[in-house]
Amino acid sequence: MHESRAGTTSGRIVETEAYVVGDAACHAFRGPTPRNRSLFLERGHAYVYLNYGVWYLFNVSSESHGVGAGVLIRALEPLEGIALMQVRRGTDRVRDLARGPGRLTVAMDIDRRHDGLDLCADGPLWLGRISRPAAQIAASVRIGITRDADRMLRFYERGSPFVSGPVRLGRAGA
DNA sequence: AAGAAGATTCGCT
DNA sequence: GCGAATCTTCTTA
């Protein structure tokens, strides 16, 4: 949920990827830097960074304070503020508003201002139980990475049209 | 000190 | 299907 001056937008998280301790693909793997320091905050804090110099990607820290790890939020099913998301994204296709990590931050207007925020506390940007849980969750390899590429650390709601990438990538229980 | 790669998306061929 | 956009960090000289 993001409450901004322009209006409120919210969505159901339907796709995530875990970046865990000892994971060469995790930005925190080689220790804290100015960019990734939020990954070392207590679980539930935002880590937002600029990817390829173009797109912001939104993560949630997932370990204790001082331990660097997080979860990348890759896709949302839009709930509130769909009209505002359509303006921000420049498309009317609801399915494409937040299908993909870069698109999601545009639709929700998330950027480095939100880096380090406590997403479980009062504030403009937060996580909550505002919608139903997924009926079925599938796992697959993570998308777009080269290091530690075969770990099954991508999780998504099976059958959701709001999940990014080819749906056939998913193979549960491998 | 400079160059390359990286958790992406969009537009053109 | 390929390349551009262009920031941060890592690698190598």
Side-chain angles (χ1 to χ4, degrees), chain A residues 2 9 11-41 43-63 66-78 82 84-117 119 125 127 134 137-157 160-171 174:
Chain A
H2 184 199
T9 49
R12 275 180 82 227
I13 297 172
V14 294
E15 179 184 357
T16 63
E17 282 177 2
Y19 289 86
V20 299
V21 174
D23 176 1
C26 179
H27 282 182
F29 185 58
R30 292 166 205 276
T33 68
R35 177 177 74 162
N36 71 17
R37 66 194 147 80
S38 298
L39 279 176
F40 294 82
L41 296 174
R43 73 195 88 241
H45 285 72
Y47 165 50
V48 183
Y49 79 99
L50 189 56
N51 159 78
Y52 292 106
V54 182
W55 308 97
Y56 289 101
L57 269 60
F58 174 56
N59 302 251
V60 182
S61 66
S62 58
E63 294 288 341
V67 181
V71 173
L72 170 69
I73 310 302
R74 286 193 57 92
L76 297 180
E77 173 182 336
I82 289 178
L84 180 53
M85 292 188 191
Q86 288 169 327
V87 171
R88 287 170 174 163
R89 287 271 298 117
T91 179
D92 284 343
R93 293 202 59 191
V94 174
R95 182 172 174 244
D96 290 340
L97 289 179
R99 186 167 55 85
R103 293 166 169 175
L104 174 161
T105 55
V106 172
M108 296 291 286
D109 192 25
I110 294 172
D111 60 33
R112 278 236 108 193
R113 289 176 316 205
H114 307 288
D115 186 58
L117 285 186
L119 300 171
L125 184 65
L127 297 171
I137 296 176
S140 80
V141 295
R142 294 174 289 185
I143 293 179
I145 62 168
T146 55
R147 296 173 294 196
D148 263 323
D150 30 349
R151 302 174 77 167
M152 303 290 283
L153 290 175
R154 170 172 174 255
F155 305 96
Y156 60 94
E157 181 178 29
S160 169
F162 302 97
V163 167
S164 77
V167 175
R168 63 179 173 283
L169 275 181
R171 242 181 35 239

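Proteins come first, then strands; the chains are lettered A, B, ... in the order of their sequence lines, and each starts at number 1.
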Residue met sooner reading DNA chain C from 5', once A/V54 and A/R112 are mapped to nucleotides: A/V54
When rounded to the nearest Å, what value does the distance between P atoms of C/dA13 and B/dA5 take? 14 Å
C/dG1 and B/dA7, which share atom name P, separated by this distance in whole Å: 23 Å
No-hydrogen, no-angle side-chain donor-acceptor test under 3.5 Å, A/S160 and A/E77: no
Please tell me whether A/Y47 and A/H27 have a donor and an acceptor in their side chains that are separated by less than 3.5 angstrom. yes
Nearest-angstrom distance from the residue atom [atom1] of [X] to [atom2] of [N]:
X: A/Y56; N: C/dA5; atom1: OH; atom2: C1'; value: 14 Å
X: A/R35; N: C/dC7; atom1: CZ; atom2: P; value: 13 Å
X: A/L57; N: C/dT8; atom1: CG; atom2: C1'; value: 13 Å

For the backbone of [Y] and the side chain of [X], can you confirm whether one donor and one acceptor N or O come within less than 3.5 Å of each other?
X: A/R112; Y: A/V48; result: yes
X: A/R43; Y: A/S62; result: yes
X: A/E15; Y: A/S164; result: yes
X: A/S61; Y: A/L39; result: no
X: A/R95; Y: A/P161; result: yes
X: A/R89; Y: A/M85; result: no

Using a 3.5 Å limit for the pairing distances, which stems of at least 3 consecutive Watson-Crick or G-U wobble pairs does DNA chain C take part in? B:1-6 with C:7-12, B:8-12 with C:1-5
Which two nucleotides bound the region of DNA chain B that has atoms under 4.0 Å from heavy atoms of chain A, read 5' to 3'? B/dG6 to B/dC10
Could you list the protein-to-nucleotides 10-13 of chain C atom pairs, N/O on both sides, closer than 3.5 Å?
{"from": "C/dT11", "atom 1": "OP1", "to": "A/R30", "atom 2": "NH1", "distance (Å)": "3.4"}

Would A/T105 and A/H114 satisfy side-chain contact (heavy atoms from CB on, under 4.5 Å), going step by step from the backbone distance to the final call? CA-CA 11 Å; A/T105 55; A/H114 307 288; over 6 Å; no
Interatomic spacing from CD in A/Q86 to CZ in A/R88 - rounded to 0.5 Å: 12.0 Å
Are A/F162 and A/P78 packed together at the side-chain level, in the sense that at least one heavy-atom pair is separated by less than 4.5 angstrom? yes
